[in-house]
Amino acid sequence: MNENQHIEGTVERVIFRNETNGYLILELNTGNELITVTGEIGEADDGEVLSLWGQYAPHPRYGMQFEAEVCEWKLPSTAADIERYLCSGSIKGIGKSLASKIVKAFGDDTLNIIEHQPERLMEIRGMTQNKCDEIAKETKHIFAMKSIISYFDNYGIKPRYAMRAFRLWGTDCRQTIEKNPYLLCYETIGMDFRDVENYAHDLHIPKDAYCRVSAGIVHVLRHNASNDGHTCLPLDRLAKTAVSFLEISESVFYETYQKALDEEIIIEYLKEEREFVYLPEYFYAEQYIAKRIGVLHRYQPPEQESQPDISAMIADAEKDSGIAYAELQKQAILSALTEGMLILTGGPGTGKTTTLNAIISCFQKQEQEVLIAAPTGRAAKRISDLTGYPAKTIHRLLEVQFDASGLQKFVHDEENPLSCDVIIIDEMSMVDVLLFSALLRALRTDCKLILVGDSDQLPSVGAGNLFQHLLESQCMTVITLKEIFRQAQKSMIVTNAHRIVSGRLPDLSRKDNDFFFFYRKDFQEASDLLTDLVCRRLPKAYSCSPIKDIQIICPSKIGILGTVQVNKSLQARLNPPDAQKPQVKSQIYEFRPGDKVMQTKNNYDITWVKDDENGKGIFNGDIGTIISVNRHQGEAVIDFDGRKTVYPLTMMEQLDLAYAITVHKSQGSEFDIVVMPVLGKLKHLTYRNLFYTAVTRAKKILILIGTPDKIREMVRSVQRNFRYSCLKYMLRKELPVIESDNPENS
């Protein structure tokens, strides 16, 4: 790796500024030339002198740029530079006219006067005491923030974390953090525990210090929640992991553990005489879900003078739709209309949408207000297209906002519930415990809840296995639709999906329907076939777009048939580099106009415009197309299904190319044509419900490339994503188990 180069000069102009993470694009005058500088510098204004270390990197459109990694600030020293610095608006309360008067009065000593003798500003004609105090306060704030950023930079801590810490603790920031550097790990700052370790070591924090061990315990719990989906861990497992990870004794662990419990940093829950340890947010979420579902079941609506004739309503729905409902469908409609909560589940082609349409129709005839939501934008659009009724993401429905420390909260909660009589949530297998808890908090006591999903799909990306545990608790009404209806029976996608979920091999021999298999044993041959199918053969045969209509779904990110390599191969064919196309580089990919991209994390702040509608939020799994990239302005325009957004280039790290996506990222979406490679030795990604989830993403055509042996291995592996949770136990403490001859419909 090349050694860092050093440049120094005066800021001529700040072109782009991201207030959240301190990313800047600016022009630096070194005396000999004007250099474009990019990087997470933190704070800089016109007229400041910067000393920078980093690397020169060529840009296809804007030429050579300097990518800064380390920055030192040197305040301007000449009267001319000081005046330009003050005129830039860097200190609130000082405009161009006042800047000129101050510099004329104090010359090269201006900034020293403002910082150390601000009362002398009263010597300026027209200056008031209030104005003087305002300038002094603002100056102290700016100099303190830059001092903190410089201090943390010496330890390799990025400006984004320094700025968050300063906003939280102000001028006491350094002293607070030096006493307990592990405060940087907590949610309001967001640094990784392992990154803080180096800084803490430099401060000589002992390995067995309470601040380190308690933060390490929280880190282990958080890591297991975000990476493995566990909402809690058994105490014995947590102890073993933490002792090894933190290199401490058991006695130190248990001493710290008890103190952390007393301070409610963590929470212990006893389940069947075994201790389980939670982070507070997950414990309170699972506890609330159990209690709130108990309330739903116990709620008795006020008696009405005239009760609706449910049988007549179902008969009318059959007449209106021209469909004779199966017995289980009628049971589902009856339960939805008469009970506080219903779970409706079943595989493809079993009539979930038909049943749902009948339920909605019956509620509307009773003049009940129905809201429909789903976990992702694509899932919401899909259920809206299928039912003909508007649907939103759960986040949009609850109206997500952020508090002063940047943590998520919702407008709708117990104090401000949603105005509806019935709420329907589709794709429930994707919903995690934190989101479901927030949804329940926003429901009135008399609001009916209908949960729809396929229990054989993958669990949520977030912690918990919520849908599976609701079903397994047997504490609520569940209707499982099993009959594949005649029209769906014609589809080999539907037929084979049901074969897979029942443990039988799909029929790979048919070549005359919508399910195709190409035998390839060699990885490179499989990759070449996949590229040719997507770029040439399928568009030619079906007059379809390789970008809009075809989706490659891969089990893994890695390897020649993983999403990263497949994305790069397809981008090279479908959207190759062009001198006329500006591009921006992320850690993995290069993006340019025309690329198909996917958002990889929830971003609640970014605004979008669709026709006459304005909104906020682009969410994990949303797929879009890059319309333009403007390096000079530091932004890109991206279209997510008609929602046009302007992305700062610093946020491009939140995107992946999406010509190929993982099975997990595909959940909740459907695509006209799906191509899936089925090769490789990744045991943790070779199991039935992952394969089933991928197969059921295809609407019209599914193509598998691989070997029958690998498909057989996936079908036979009944591995479930095991996740520690006490939700099922909590539910059974709140509600009795419903006795039934058929547990699936109990």
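What you are looking at is a predicted structure, and each value in this text was computed from that prediction instead of being measured. Just so you know, these numbers use all the heavy atoms, side chains as well, and skip hydrogens, waters and symmetry mates. Counting from 1, the numbers follow the sequence of the chain as shown.
With hydrogens and angles ignored, the 3.5 Å screen pairs no side-chain donor or acceptor of D456 with any backbone N or O of N689. Side-chain N or O atoms of E339 include none that pairs as donor or acceptor with a backbone N or O of A336 at under 3.5 Å. The closest donor-acceptor contact from the side chain of T231 to the backbone of Y724 lies under 3.5 Å. For S361 (side chain) and A358 (main-chain N/O), no donor-acceptor pair under 3.5 Å exists by modelled atom type. Between the side chain of R688 and the main chain of V715, a donor-acceptor pair closer than 3.5 Å is present. At least one donor-acceptor pair under 3.5 Å links the side chain of T696 to the backbone N or O of T693. D514 contributes a side-chain N or O that, together with a main-chain N or O of M492, makes up a donor-acceptor pair within less than 3.5 Å. In terms of modelled atom types and a separation under 3.5 Å, the side chain of D611 and the main chain of E613 share no donor-acceptor contact. No donor-acceptor pair closer than 3.5 Å links the side chain of S717 to the backbone N or O of M714. At distances below 3.5 Å, not a single donor-acceptor pair connects side-chain atoms of S335 with backbone N or O atoms of A332.
When the options R697, R382, K700 are evaluated for a side-chain hydrogen bond (donor to acceptor under 3.5 Å, both in side chains) with E670, the one that passes is R382.
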| Criterion side chain to side chain donor-acceptor pair (under 3.5 Å) on S429 and Q667, from CA distance to verdict | CA-CA 9 Å; S429 61; Q667 199 171 357; 3.1 Å; yes
### Query
What do the steps show when you test F436 against I425 for side chain to side chain contact (heavy atoms under 4.5 Å, CB included), and what is the final call?
CA-CA 10 Å; F436 191 57; I425 307 297; 5.6 Å; no
How far apart are the C-alpha atoms of Q599 and Q654, what are their side-chain angles, what is the distance that settles it, and do they pass the side chain to side chain donor-acceptor pair (under 3.5 Å) test? CA-CA 6 Å; Q599 179 76 9; Q654 296 182 12; 2.8 Å; yes
_Before you tell me yes or no, could you show the steps for K490 and N513 under side chain to side chain donor-acceptor pair (under 3.5 Å), namely the whole-Å CA-CA distance, both residues' side-chain angles and the distance that decides it to 0.1 Å?_
CA-CA 8 Å; K490 298 176 183 177; N513 203 279; over 6 Å; no
Practice prompt. Kindly indicate, with the supporting measurements, whether the criterion salt bridge (Lys or Arg N to Asp or Glu O under 4.0 Å) is fulfilled by R643 and D622.
Written response: CA-CA 11 Å; R643 294 171 296 155; D622 285 352; 3.3 Å; yes
| task | List the steps, then state whether side chain to side chain contact (heavy atoms under 4.5 Å, CB included) holds for D507 with T495. | result | CA-CA 9 Å; D507 183 351; T495 301; over 6 Å; no
- Query: Would L344 and L451 count as a side chain to side chain contact (heavy atoms under 4.5 Å, CB included) if you check the C-alpha gap in whole Å, the side-chain angles of each, and the deciding distance to 0.1 Å?
  - Reply: CA-CA 6 Å; L344 178 64; L451 308 179; over 6 Å; no
- [ ] Given salt bridge (Lys or Arg N to Asp or Glu O under 4.0 Å), test E286 with K733 step by step and report yes or no.
- [x] CA-CA 12 Å; E286 291 200 341; K733 285 188 73 174; over 6 Å; no
* To do: For side chain to side chain contact (heavy atoms under 4.5 Å, CB included), just list the numbers for K392 and L371, CA-CA rounded to whole Å, side-chain angles, deciding distance to a tenth of an Å, and then say yes or no.
  => CA-CA 9 Å; K392 293 182 178 180; L371 293 181; over 6 Å; no
- Task: Could you please spell out the steps behind the side chain to side chain donor-acceptor pair (under 3.5 Å) verdict for N357 and T387?
- Result: CA-CA 6 Å; N357 280 331; T387 63; 4.7 Å; no
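At least one side-chain heavy atom of I293 sits less than 4.5 Å from a side-chain heavy atom of M476. Looking at heavy atoms from C-beta onward, S666 lies in side-chain contact with F671 at the 4.5 angstrom threshold.
By the side-chain hydrogen bond (donor to acceptor under 3.5 Å, both in side chains) test, D656 pairs with no residue at all, sequence neighbours left out. Residues forming a side-chain contact (heavy atoms from CB on, under 4.5 Å) with T241 (at least two apart in sequence, or on another chain): V220, R237. Every side-chain contact (heavy atoms from CB on, under 4.5 Å) that R504 has, sequence neighbours left out, goes to R499, S502. Considering only residues two or more places apart in sequence or on other chains, A391 meets the side-chain contact (heavy atoms from CB on, under 4.5 Å) condition with I372, A380, I383, S384. Under the rule for a side-chain hydrogen bond (donor to acceptor under 3.5 Å, both in side chains), Y282 has no partner lying at least two apart in sequence or in another chain. Applying the side-chain hydrogen bond (donor to acceptor under 3.5 Å, both in side chains) test to D639 and every residue at least two apart in sequence or in another chain returns nothing. For L296, the side-chain contact (heavy atoms from CB on, under 4.5 Å) partners two or more places apart in sequence, or in a different chain, are R292, M341, L449. Residues meeting the ring pair (Phe, Tyr, Trp, His ring centres under 6.0 Å) test with Y278, sequence neighbours left out: F283. For the side-chain hydrogen bond (donor to acceptor under 3.5 Å, both in side chains) test, no residue two or more places apart in sequence or in another chain qualifies with E273.
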Show me, pair by pair, the donor-acceptor contacts under 3.5 angstrom made by side chains of residues 311-320, not counting sequence neighbours?
{"from": "E318", "atom 1": "OE2", "to": "Y325", "atom 2": "N", "distance (Å)": "2.8"}
{"from": "D320", "atom 1": "OD2", "to": "K365", "atom 2": "NZ", "distance (Å)": "2.6"}

Validation: residues 265-272 side-chain donor-acceptor distances under 3.5 Å, sequence neighbours left out:
{"from": "E268", "atom 1": "OE1", "to": "Y257", "atom 2": "OH", "distance (Å)": "2.6"}
{"from": "K271", "atom 1": "NZ", "to": "S725", "atom 2": "O", "distance (Å)": "3.4"}

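Distance check, rounded to the nearest 0.5 Å: CD1 of I289 to CE of M730 gives 9.5 Å. Separation of atoms OG (S669) and CD1 (I623) is listed at 6.0 Å; rounding is to 0.5 Å. In this structure, the separation between CD1 on I423 and CZ on R444 is 11.0 Å, given to the nearest 0.5 Å. Separating the OG1 atom in T393 from the CZ atom in R378 is a distance of 14.0 Å, to the nearest 0.5 Å. To the nearest 0.5 Å, atoms CG (L337) and NZ (K448) are separated by 7.0 Å. For the atom pair CG (L735) and NZ (K291), the distance works out to 11.0 Å, reported to the nearest 0.5 Å.
Here D672 pairs with K699 in a salt bridge; the nearest charged N to carboxylate O distance falls below 4.0 Å. In summary, K352 and D426 do not engage in a salt bridge, as defined by a charged side-chain N under 4.0 Å from a carboxylate O.
A pairwise comparison of heavy atoms in V431 and P375 identifies CG2-CG, 3.6 Å as the closest pair.
For residues 369-398, every residue pair satisfying the ring pair (Phe, Tyr, Trp, His ring centres under 6.0 Å) rule, not counting sequence neighbours, is listed here: H395-F410, H395-Y604, H395-F619.
Under the 6.0 Å distance and 45° angle rule, R510 does not count as a cation-pi partner of F515.
In this model, a donor atom of one side chain and an acceptor atom of the other lie less than 3.5 Å apart for Q468 and E472.
Summarising the local packing, CD of E264 is surrounded by 12 or fewer heavy atoms from other residues, nucleotides or ligands at distances under 6.0 Å.
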